Structure formats: structure tokens, C-alpha cells
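Structure first, then comments.
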Amino acid sequence: MRRDVDQPGPPMPPAAIRTTCPYCGVGCGVLATPDGRGGAAIAGDPSHPANLGRLCSKGAALGETLGLGSRVLHPLRRTASGSYERIGWEAALDAVADGLKSVIATHGPDAVAFYLSGQLLTEDYYLANKLMKGFIGSPHVDTNSRLCMASTVAGQRRVFGSDTVPGSYEDLDSADLIVLVGSNAAWCHPVLFRRMQQNRAQRGARIVVIDPRATATSEDVDQVLRLAPGSDTLLFAGLLVHLADRGLTDADYLARHVEGYEAALTNAREIAPSLEAVARGTGLDATEIAAFYALWSETPAVVTAWSQGVNQSAQGTDKVAAILHCHLATGRIGKPGCGPFSLTGQPNAMGGREVGGLANMLAAHMGYAPTEIDRVQRFWKAPRMAQSEGLKAVAMMEAVEAGRIRALWVMATNPAVSLPRADRVRAALGSLDLFVVSENVLSNDTLAARPHLILPAAAWGEKDGTVTNSERRISRQRAFLSLPSEVKPDWWIIAQVAQRLGFADAFAHAGPAAIYAEHAALSAFENEGRRDFDIGAHAGLTKHAYDALQPVQWPAPAARPLGTPRLFAEGGFFTANGRARMVPLAAPALASAASEALPLLLNTGRLRDHWHTLTRTGLSPRLSAHCAEPSVQIHPEDARRYGLTEAGFARIANDHGSVVLKVALDPGMTRGSLFAPIHWSAETASHARIGAAVQAMCDPWSGQPEMKATPSSIEQVTYAAQGFVLSRDAFLLPEGSWWSRLAVEGGEARLFATDAGPAEWMAAVRARFEEADLTELVDMAGGAYRCAVIRDGRLLAALFLAPFGGLPLWDSVKRAFADPAALPDNRLALLAGRSLDGASDPGPTVCACFGVGLAAIRAAFAGGAASPDEIGRQLKAGTNCGSCLPEIRRIGAQARATVAA
Ligand SMILES: Nc1nc2c(c(=O)[nH]1)N[C@H]1C(S)=C(S)[C@@H](COP(=O)(O)OP(=O)(O)OC[C@H]3O[C@@H](n4cnc5c(=O)[nH]c(N)nc54)[C@H](O)[C@@H]3O)O[C@H]1N2
Ligand SMILES: Nc1nc2c(c(=O)[nH]1)N[C@H]1C(S)=C(S)[C@@H](COP(=O)(O)OP(=O)(O)OC[C@H]3O[C@@H](n4cnc5c(=O)[nH]c(N)nc54)[C@H](O)[C@@H]3O)O[C@H]1N2
Ligand code: SF4
Ligand SMILES: [Mo]
């Protein structure tokens, strides 16, 4: 369904505030109804064009993440003794400004840098960029988008001349073929993936998934190409050759709107001389490649969408260009139902690119050409413009390490976890003369590098501003909660520091509306249709109009205020001659793990219900139930080879660092590779900060690091015992234990593996709970111990330890723990691991929305349910957000296979 951007939505329930989800780049509209006690009821906004009322599991659980327990609520300053003291805002802002001035005076502006994030709002981002590049005069502004979207930016700029996503989400509804390259959309862009699946169910669209491993996304699609890691350029170069050889290109489009086609084709023939060569290089069968090429060639309405399997690659920019080439060669671009489509990661990945948050951009999609520097300088009335590109994230951290960057301000990201070689990054951050972090929470690992100042920033629900989603749609994020304690919005903090640096006039904005209006004016300034990013329709927007802003797709120049759903169907590229440029590509240097010492490629990525470093989704018991522990997935044959067993432990190591993860055998993994989640940090697990074991090999065009293929070794790690402890608040484990922490109903839990025996655990319990009543079952010789800790008639904690092997009681004890009062009459039932209502162990949660466990779904299939729909009718599982539907389908298939066998 298409809605005009200015059409008001349906009536809202009273007091619901229209805002957007703070997680992925789908950018779903959210209706938040505050409960007056600091919480809010969350629902999808039926009038928002991105989601039309849907939310995924993460969006639906946003209400569980609004608590203040983990928040930074006051400015904090590190004291000489290394502890933190609470200070007032005046002192904090003066300290930041004085610190910056002092570093600039001694080392020059180039010794100062900002490291920003796609989770900032456009207004925050705009001000930070303006302050650094126009007023401090350093170009060193970069962002975690370098780890995320940089290769797409570089690929689009090389080929289109500008960082423009040509299509719209509606194209996913009307495509006849959707190709997902390096995207686990079922988990990472769930609402969009449901739109694609709906298209498949209703219109018969085909879906092809290209990924080295089987994922939730590849479960219910038409073709899965499990290619060798890193070989995408080869596959798409081969497709270009296939199109050319069969005369299936659009000669008219090429002639009128593209240059460099012949050279690009010659280059593609060198890379992919034959189908057999593509088969050899990608590890795919020639027949499956041929089938894919035929399908792609014969389907005019094709969308090729991609995400981090393409971007986070040592040749990410070439992978992007190879995809763009095929669409240009067939003129399948900017028309309904077809086009290349980059799926953005963070909620404001696009907004950050728009303001110039990447080190190689200046502002408003302008770069560092002398005319552009001059134009931006005149617009900003800037005293000291940066003159050339700044340091990109990995290089920025190297400059910090080398002492060339001496002052760094980190906002809204967790580089001590998320940058490659994270141990080195964490150590380097500790060496800065001035290290400032603007944060929402104290549970961010980067704070372990001991910033001089920690500034309490407003979080989702408290912030006001705009974000841009994957389809270029700008939407308002609106506050529905008041600012707690001394918390302030990021834009305010930046403006206050700018004023103290002597730039009061240029940073006198009354609020986000004024900042946005200025940003919009810059986008239109001396533009005349030459730059893609033009939101001139919003230049000078009043606060009232800003508050009422409806979601709109840029470009929205003054003459076209309703925005632009698609670009480039009739050419009009943002190059000097208006033509796109096909470019020669490098033959993929296949990321083969040649060395004997490091024989496996470590791939890293995301899980369904968690967001990045767990600072928010980690607060939700519902979301924490899906994947409770950090695991590494490995093919069963590889596991056998390296002596690993299901649910055992393994150390993954390389020259950069190591982690220890639980082992999960997965026949869907490609031999020779490992997959580990990115979510756990030093805050949430003892040994699972994966960034420590990721290399920093960067794409030559984009500077984006390869995070999907680090050569690594793996070996078994054994522990004598394992167990879990549930407690109302933190519980200290005996030294040396492996643990991971998660939120559960009523408190927190740690799942652990340990060499410590019952005696040590009994001592730990006694040390932690001095005046409590302990009910214990102890088997010293057998190495088992179970304990319920009760105080004043309430269950405070429960600890289970058993020899390594089986401990199937976790889910039922967790359930009993959720109700502290239910216990005292029934301690022995708890210690026996039976749930109090006599029900059996529910197993891990499959459906986060309705809390339905694996056991119930298996039982329903065993009892005759024939489809996920029927499961939905019986158990409600899968009927809300649908994120778990691929898993329910798989459980059904397993059940049928069991019956057949
Ligand atoms: N649940 C959840 N959703 C999220 C996020 C989250 O943290 N959690 N984060 C958001 C953000 S910021 C981002 S950037 C997106 C990321 O979204 P995605 O890119 O979809 O997620 P990833 O798991 O990083 O990686 C995608 C896939 O790339 C595959 N891959 C690895 N190497 C290759 C290769 O050489 N070629 C190909 N074709 N594929 C390869 C991996 O096996 C993996 O399945 O997700 C967004 N959505
Ligand atoms: N190995 C490996 N590493 C990766 C990736 C991978 O696939 N593999 N993916 C990369 C990608 S694509 C991304 S996007 C990054 C993400 O990595 P990060 O950005 O480091 O991860 P987050 O946990 O999202 O960190 C955001 C922090 O900002 C805080 N925050 C949120 N909103 C605000 C705000 O409005 N203001 C302020 N001041 N603070 C706020 C949160 O509390 C949190 O601490 O990880 C990258 N690293
Ligand atoms: S798909 Fe989920 S995480 Fe992404 S914006 Fe929508 S609700 Fe939020
Ligand atoms: Mo990302």
C-alpha cells in the first residue's frame, strides 16, 4: 500500500507519541504511550510507510529497556586516584573545552578527533561534524558507520558519483526476484524480510540467498548459494559476462546513461572467464550458478539487496560495484520492483552519511574538492576549515596508539568491543591526554578504558530529532519521556562545548528544529540539482512544522517537498556528464586461510534478538532468552577434526587475541569456517568479546575492515563442572570461571563453566549472602551442589552446579525464580529442578513475543500440527512479530523428519 508522505495517519490512541525504532535501518514507526511512571507501552505505527504497524521482537520489547538502572545520570570526572566523582555540568563542559584547547594549543587541531555513531540523531551528528571540520579545523571525524556502510558509500560514489540508494521498500513488495547477498535479513531486517516473504507468498516472487553459511534467512527461499567467503565479486562479474554474452543487456540504457561499460566487461571477462572459473572460485556447482544467472537475467523486476557480507569485506567496495554493474547493464534501476538496494545497519546510518560524518566526506554529501570546502566554509562562516580527508576509524585508532591523536571524544558507540583488534583499541584509548565519552549507560566496555569525562546523554524516548532509514526516508524521532536526572541531549552537549571554545554564534541553536533547518539549508546551498542530497524543502522549517514532519524520502528539494521514491530510471547520475561509471574491479583475493597455524576463517555477525553490545537488548529477559550464551558455530566434520563436542567449549585464537565460546555444531556451516556473535562484551561475559579476535584488514577504497573472515585456530577447552546462578543482583563467581550474564525475569543470571568445586561455590554463596537461609543439596564426591538462598521469605538466589555434561534444568528454575514469593513452601521442588506448577522444562524460548519455548512447539508438531500457522493458532507463537517463523518452520521439518525416520 502506498501512502502519500503528507497524508496524516489513522487516529492514534490518546497520548501516543509517534516516533521511530532506535535499532535497525528499516526505521520502523513506533507508537509510544508513556505510562506516567517512566515506562511506555510500545506498538508499531500503522501509518509509517516502513513497517505499516509491524515491529520485530526487538522493537516490540523496547518497553523493557527504558529502566534507569544502568544509566549514566550525572557528569562524571576521573580523579587522580582513578575513581570517578560526580561533577556539575558547568565543570564538565569547561573541562572538555579546556582539555580540547590545551591539546590544540600544544599539538595543533589535527591532534583532536571525534568518533561518532549511526545511533546519533542527524542533528547531533550535524553539530559534531560542523564543530570539528569548520571550527576546530580538524578533519578527524569518523564513525562506526566505517565498520558498517563505508563500502557501500565508496561503491555508490565510484559508480553513481554519489552515495545514493536508488530504490524504495515498495520495490521489495513488487519485485519478482529478490537476491539477498551477505544479508541475514530474517534476523537483521526482520520487518523488511516479512515484506519480502509476503511478496513471495502472495505474488510468487522468488528469493535467492547468497551467504557462505545457512541462516534463518536461507531457510524458506527458492535458492541458496553457499559461496566461498569473499568470492561475491567473482559471482557478479560472471553474471555481467553472462548478460553480455546472451545479449541481455539494455544497450539503450548503457548508451545513454553509462560510461566504461566495455572496459568493465573486459575486466569482468578477466575475472570470470568461464562458468567453470566462477564455479572453481566460488566453490559453487556450475549448474547452480547457471540456474541463478538464468533466473536473474530472465526476471526484469529484480532487486539485489545486500548488507555486511558485502560491506565488511577486504574487497567490499568492489563487491558493491560488481552488483551495481549488473543493474546498470540491464537498466534495472530506479524502476518499480527493481534496483540495487543497500540495507543499512543502524537507525541513522544514512543520516550520518548525509551530514558528512565519515572522515572522507565534508558535509551534506560534499567531499573535499576545493570548491566544496569553500562553499561549506561560506555557508558555515567557518573560521578554520579542515582541508583534506581525515583518518578513518581503524587508522584513527592507530593514530591514538601512536600518540598523534591526543584528544578523542566518543559518542554513542562502544569501540572497545566493536572495532577490530579490540584489545589494542582499549589499551590505546587509555593513553589519551583527553578522552571524553558521551554515553547512555555505565555498562559500555569503552568506559573500562577510563575516560577523563563521562557525559550523561539522553537515550531513546528522551531524544528529539530525525533519522534516515535504508530507503532515504527521513522520520522524526520524538521524545515521550522527560530527561532523567542531569541527562542532556547530545546536540546540547556539543553546542555547549562549542560555545566554550569561542564559537557562540555558530552554535546558538535553540533546539533540534533549528539545527535541522540549517542542515537542510546547507543541502540546498548552491546546489541547483547538482548534488543528490537536497532537502531544500525543509530549509528554514519552523519548529511547529518540524514537530509535525511526516516521513519523507530525500531528495526533497524546494520544488519537490513530497520527496522522491526512486532515482536513475532515466539516468541523471550525479557525475559531471550525468552518466554512471562502470569501473574495473580487482579479482577477488579469496580469503583462504592458507596457514596451518590458523586454518579456519572466523566469520562474525548478529543474532535475532540482540542488538550490538547488549547495552539495551541485554536488559530485556524476553530478548535474552533466545540465545542465552555466546557460542561458536562450526561444521560437525570440523568439530570432529578439532576434537570439539556440542555444548563443550573452545578457544578461538589468532595473532590479535582470543575468546572462549560454547560450541554449537551446525551442518549449515561451510567447512573451514566459524561463526561467532558480536554481542557479548567484557560486561556481559568473561571471554566472549569477539572484536579482540578480529583482524584489521581494510578495503582499499572504503577503509572498512574485513570482519567476516579472520584466519584463526580453534582448540577444545575443558571445565570440570558447569552450572548457573540466578540472583536478584550481581553475584561474584569464583576466579577463573567462564561465565555469561543475562537478564531474567526478577533479576540476572550467569551461566558458567568452572573448575571450582562445590566447596568453593559454597564459600562464594556464604560470602555473598551473609544473613540468609540456605537450603542446599551437596554431593562433594560427585561434584554437585544446589542451593536456594532465602531471606525474609523471598528467594534471593538459586545456584546449580553439576559435573560437566548435563544440566537440563535451567529453563524451569529460571521460571520459578521469576516469582520470588512462590518458593518457600516448595524449596525441594526447586532444587529438584522441577517447575513449581509441575510442568516440564519449557526449553529455550523460540517466540520472544509470547514466551513460547521449544518444548511446547515440538509437542504441538508431535501432536499433529502441520504448519507454522497451526502452531500460531494453538500457541500464539509467531503471530506477532514473526521473527521466529523460520525457526518454527525448521522445528516442524525436524519433527516430520523424526516421524519419517
Ligand atoms: N538482530 C539484530 N539486527 C540488527 C543488528 C543487530 O545487532 N541485531 N544490527 C544492525 C546493523 S548495525 C547492521 S550493519 C545489520 C547487519 O545485517 P546483516 O549484514 O544481515 O548481518 P550480519 O550477521 O553482520 O552478516 C550477514 C551475513 O553475511 C554473511 N557473510 C559473511 N561473509 C560473506 C561473504 O563473503 N559473502 C556473502 N555473500 N556473505 C557473507 C554472514 O555469514 C552473515 O550471515 O543488522 C542490523 N540489524
Ligand atoms: N566483529 C565484528 N565487529 C563489528 C561488526 C561485525 O559484524 N563483526 N559490525 C560492526 C557494525 S556494522 C556496527 S554498526 C558496530 C556497532 O557497534 P557499537 O556502535 O560499538 O555498538 P553499540 O552496542 O550499538 O554501541 C552504542 C553505544 O551507544 C550508546 N548510545 C545509544 N544511543 C545513544 C545516544 O543517543 N547518545 C549517546 N551518547 N549514546 C548512545 C549505547 O548505550 C551503547 O553503549 O559494530 C561493528 N563491529
Ligand atoms: S525491523 Fe525491528 S529493529 Fe528494525 S526498525 Fe523495525 S522494529 Fe526496529
Ligand atoms: Mo552496522
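Counting convention: from 1, in listed order, for ligands and their atoms alike. The structure displayed is predicted, hence computed values, not measured ones.
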Exercise. Among protein heavy atoms, which lies nearest atom 5 (S) of ligand 3, and at what distance?
Worked result: C28 N, 3.4 Å

For this session: Determine whether any heavy atom of S443 lies closer than 4.0 Å to an atom of ligand 2.
Result: no

Problem set entry | Heavy-atom nearest neighbour of atom 4 (Fe) of ligand 3 within options P347, C188, C24 | C24

Problem set entry | Exercise: do Y125 and T143 side chains pair donor with acceptor under 3.5 Å | yes

For this session: State, without any angle test, whether N348 and Q477 hold a side-chain donor-acceptor pair at a distance under 3.5 Å.
Result: no

Exercise. With a 4.0 Å cut-off on heavy atoms, is N51 touching ligand 3?
Worked result: no

Exercise. Of N440, T344, L121, which has the heavy atom at the shortest distance from atom 33 (C) of ligand 2?
Worked result: N440

For this session: Please state whether W460 comes within less than 4.0 angstrom of ligand 2, counting heavy atoms only.
Result: no

Problem set entry | Approximate separation, where rounding is to 0.5 Å, of F850 CZ and C881 SG | 9.0 Å

Exercise. Where does T615 meet ligand 2, judged by heavy-atom distances below 4.0 Å: at the side chain, the backbone, both, or neither?
Worked result: side chain

For this session: Check the side chains of N360 and R146 for a donor-acceptor pair under 3.5 angstrom, ignoring hydrogens and angles.
Result: yes

Exercise. Does a donor on one side chain and an acceptor on the other come within less than 3.5 Å for S681 and T684?
Worked result: yes

For this session: Decide whether the shortest distance between a heavy atom of M149 and an atom of ligand 2 is less than 4.0 Å.
Result: no

Exercise. Quick one: do the H48 and S475 side chains pair a donor with an acceptor below 3.5 Å?
Worked result: yes

Seminar exercise, completed: To atom 28 (O) of ligand 2, the nearest of G118, A150, A393, A412 on a heavy-atom basis is A412

Exercise. Going by the angle between their ring planes, with limits at 30° and 60°, are W89 and W492 parallel, tilted or perpendicular?
Worked result: perpendicular

Problem set entry | Region of V694 engaging ligand 2 - heavy atom pairs below 4.0 Å | side chain

